[in-house]
Amino acid sequence: MRVYNNFDEIDRDLKYLKLQQQIHQETMKLELNEVKESFSAVSILTSVVSSIAKKAVVLKVVNKLVGLKGKK
């Protein structure tokens, strides 16, 4: 436990703690917004479309390779 010698020391520590609390609150807000953005509909839709496009390209390449092997 800290022993204070005057009220100025108490006030200084209280201001410090209040600023620390505000920093933590703003940090939490930023992190919450990042989470919201990562789960946004546009982000999810982009991921789905990208996944489908990759699978379509792989399927096309495999079909061409299989088709080439069958003709020889």
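Counting begins at 1 with the first residue of the sequence.
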Determine whether a donor-acceptor pair (N or O, by modelled atom type, separation under 3.5 Å) exists between the side chain of Ser50 and the backbone of Ser47. no
For the pair Thr27 (side chain) and Ile23 (backbone), establish whether a donor and an acceptor sit closer than 3.5 Å, ignoring hydrogens and angles. yes
Only one of Val61, Asn63, Val62 passes side-chain contact (heavy atoms from CB on, under 4.5 Å) with Leu65, and that residue is Val61
Please identify each residue that fulfils salt bridge (charged side-chain N to carboxylate O under 4.0 Å, His left out) with Lys54, with sequence neighbours left out. none
Report yes or no: do Val49 and Val57 belong to one cluster of Ile/Leu/Val/Met/Phe/Trp/Tyr joined by side chain heavy-atom distances under 4.5 Å? no
Determine the minimum heavy-atom distance between Val3 and Glu9, stating which atoms define it. O-OE1, 4.3 Å
Hydrophobic cluster mates of Ile10, side-chain heavy atoms under 4.5 angstrom, ILVMFWY only, any path? Tyr4, Phe7, Leu14
Distance (rounded to the nearest 0.5 Å) between Asn6 CG and Asp11 CG: 9.0 Å
Which distance, rounded to the nearest 0.5 Å, do you find between the CD of Gln22 and the CD of Gln25? 7.0 Å
